[in-house]
Visitor: 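Before anything else, here's the structure in question.
Remember, predicted model here, so these are calculated numbers, not experimental data.
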Amino acid sequence: MIYLPLYIKVGKAGAYSKSMEYEDPFDTKDSYGLWAQHVPFTILPKTKGLISQTWKDEDGDDVFLSEAGAKCEAYDWKVDFVYLENDGMAHVRIADFVNRIRGKWLRVHDSYSKTTRDGVYVSEFDQEPKIKRRDGRDLAIFSVTFRVNNPNFEEVF
């Protein structure tokens, strides 16, 4: 199994803007000892409902397709993380990570699928992470659910 880090750029709190500025990216492994264990890959999120009307005296539907193309819904992106270090600092490093990204807009890059999402924020943190400590070695497995509001954004990282 290949575990790779995520790269995260942290923006500001407040209203989201596509022109938002972000800090330089940080590597979850180098900064917090966190490897991404599972990152689901969504090629195309669910399309928002189209404007349509059904007429009883006509076949099919009367559908309006915008020249701008179909718009996508926001979606949840649940990422599983693994922490495995000999420092006995799992609780501290995980808390520092969550505090750095919580309540701010993010741009997140998955180094395995080479995808980047923008307009992202933390919607949920695993309330019961699995943490084991043996001989000074910490193993922690937990998840963070991100909400992706700009699902069509792509960036070369």
Side-chain angles (χ1 to χ4, degrees), residues 1-83 93-131 140-157:
M1 198 171 272
I2 299 172
Y3 294 161
L4 296 171
L6 290 184
Y7 295 92
I8 301 176
K9 293 181 178 181
V10 179
K12 296 182 172 37
Y16 173 71
S17 166
K18 289 184 178 182
S19 62
M20 182 170 294
E21 293 184 17
Y22 294 89
E23 299 171 2
D24 288 337
F26 71 87
D27 174 325
T28 57
K29 169 59 176 113
D30 290 344
S31 297
Y32 300 99
L34 298 173
W35 297 96
Q37 179 184 31
H38 176 72
V39 182
F41 176 60
T42 301
I43 295 173
L44 183 64
K46 184 177 177 183
T47 303
K48 286 185 174 182
L50 300 172
I51 300 170
S52 68
Q53 177 68 43
T54 299
W55 304 100
K56 292 185 183 221
D57 61 342
E58 293 183 19
D59 292 330
D61 293 327
D62 187 5
V63 179
F64 174 74
L65 298 176
S66 169
E67 289 182 23
K71 299 298 179 187
C72 296
E73 293 184 357
Y75 65 94
D76 288 333
W77 194 23
K78 185 176 179 181
V79 177
D80 297 331
F81 288 98
V82 174
Y83 178 87
R93 302 215 38 212
I94 293 169
D96 288 347
F97 168 68
V98 172
N99 288 330
R100 183 170 183 184
I101 63 174
R102 185 175 43 192
K104 297 181 181 87
W105 288 105
L106 308 169
R107 185 173 286 172
V108 181
H109 176 75
D110 172 23
S111 53
Y112 180 76
S113 67
K114 306 282 191 240
T115 58
T116 303
R117 294 295 181 242
D118 189 43
V120 177
Y121 64 90
V122 174
S123 66
E124 187 176 345
F125 175 71
D126 190 347
Q127 296 299 306
E128 296 183 21
K130 296 158 195 73
I131 299 177
I141 301 172
F142 66 99
S143 62
V144 175
T145 302
F146 297 99
R147 185 74 173 166
V148 180
N149 276 303
N150 190 6
N152 287 317
F153 177 85
E154 284 295 334
E155 173 187 64
V156 176
F157 223 72

Visitor: Is any side-chain heavy atom of Val122 closer than 4.5 Å to one of Val144?
Guide: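 Yes, side chains in contact.
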Visitor: How far apart are the closest heavy atoms of Gly60 and Thr54, and which atoms are they?
Guide: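 Taking Gly60 first and Thr54 second, the nearest heavy atoms are O-CG2, 4.3 Å.
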Visitor: Between Phe125 and Phe142, is the ring centroid distance below 6.0 Å?
Guide: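 Yes, the ring centres sit under 6.0 Å apart.
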Visitor: Can you check whether Pro40's main-chain N or O pairs, donor with acceptor, with Trp77's side chain at less than 3.5 Å?
Guide: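 Yes: the side chain of Trp77 pairs with the backbone of Pro40.
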Visitor: Above 12 or not: heavy atoms from other molecules or residues under 6.0 Å from CD of Gln53?
Guide: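 Buried by this count: over 12 neighbours within 6.0 Å.
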Visitor: Measuring from Glu124:CD to Ser143:OG, what's the distance to the nearest 0.5 Å?
Guide: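 With rounding to 0.5 Å, CD (Glu124) is 7.0 Å from OG (Ser143).
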Visitor: Is the backbone N or O of Thr145 less than 3.5 Å from a side-chain atom of Ser123, with the two atoms forming a donor-acceptor pair by type?
Guide: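 Yes, because the side chain of Ser123 sits within donor-acceptor range (under 3.5 Å) of the backbone of Thr145.
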Visitor: Would you call the rings of His109 and Tyr7 parallel, tilted or perpendicular if under 30° counts as parallel and over 60° as perpendicular?
Guide: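 Correct class here is tilted.
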Visitor: Side-chain contact test, heavy atoms from C-beta onward, threshold under 4.5 Å: evaluate it for Tyr32 versus Arg100 and give yes or no.
Guide: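 They are in contact (side-chain heavy atoms under 4.5 Å apart), so the answer is yes.
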Visitor: Less than 4.5 Å apart, side chain to side chain, heavy atoms only: is that true for Val10 and Leu106?
Guide: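 Counting from C-beta outward, Val10 and Leu106 do come under 4.5 Å.
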Visitor: Using 4.0 Å as the upper bound for N to carboxylate O, is an ion pair formed by Glu23 and Lys104?
Guide: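 The answer is no: the pair does not qualify as a salt bridge.
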Visitor: Are any non-hydrogen side-chain atoms of Trp35 and Pro5 less than 4.5 angstrom apart?
Guide: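 Yes. Closest side-chain heavy atoms under 4.5 Å.
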Visitor: Under 3.5 Å, is there a donor-acceptor pair between the side chain of Arg117 and the main chain of Arg147?
Guide: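 No; zero donor-acceptor contacts below 3.5 Å.
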Visitor: Between Val39 and Leu4, is any pair of side-chain heavy atoms under 4.5 Å apart?
Guide: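 With C-beta onward as the side chain, the pair stays apart.
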Visitor: Do Val82 and Tyr3 come within less than 4.5 Å of each other through their side chains, counting heavy atoms only?
Guide: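 A side-chain contact exists here, since the closest heavy-atom pair is under 4.5 Å.
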Visitor: Judged by atom type as modelled, is there a donor-acceptor pair below 3.5 Å linking the side chain of Asp61 to the main-chain atoms of Val63?
Guide: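 Checking the backbone N and O of Val63 against the side chain of Asp61, no donor-acceptor pair under 3.5 Å is found.
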Visitor: What about Phe81 and Phe97, are their ring centers closer than 6.0 Å?
Guide: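 Here the rings of Phe97 and Phe81 have centres that are less than 6.0 Å from each other.
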Visitor: How long is the span from the SG atom in Cys72 to the NZ atom in Lys48, to the nearest 0.5 Å?
Guide: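 Nearest 0.5 Å value for the SG-NZ distance: 9.0 Å.
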Visitor: How long is the gap from OG on Ser52 to CZ on Phe64, to the nearest 0.5 Å?
Guide: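 One gets 12.5 Å once the value is rounded to the nearest 0.5 Å.
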Visitor: What pair of heavy atoms forms the shortest contact from Gly119 to Tyr22, and how long is it?
Guide: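 So the minimum-distance heavy-atom pair works out to N-OH, 4.1 Å.
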Visitor: Would you say CG of Asp57 has more than 12 non-hydrogen atoms from neighbouring residues, nucleotides or ligands within 6.0 angstrom?
Guide: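 Counting neighbours around CG of Asp57, more than 12 heavy atoms of other residues, nucleotides or ligands fall under 6.0 Å, so yes.
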Visitor: I want to check something: taking the side chain as every heavy atom from C-beta on, are Leu34 and Ile94 in contact at a cut-off of under 4.5 Å?
Guide: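 Yes. Closest side-chain heavy atoms under 4.5 Å.
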Visitor: Strictly distance-based, threshold 3.5 Å: is any side-chain N or O of Thr28 a donor or acceptor partner for the main-chain N or O of Leu6?
Guide: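 Confirmed, Thr28 side chain pairs with Leu6 backbone.
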Visitor: State the NZ-OG1 distance between Lys9 and Thr116, to the nearest 0.5 angstrom.
Guide: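 Separation between the atoms: 8.0 Å.
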Visitor: Measuring from Glu73:CD to Thr47:OG1, what's the distance to the nearest 0.5 Å?
Guide: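 Rounded to the nearest 0.5 Å, the CD-OG1 separation comes to 8.0 Å.
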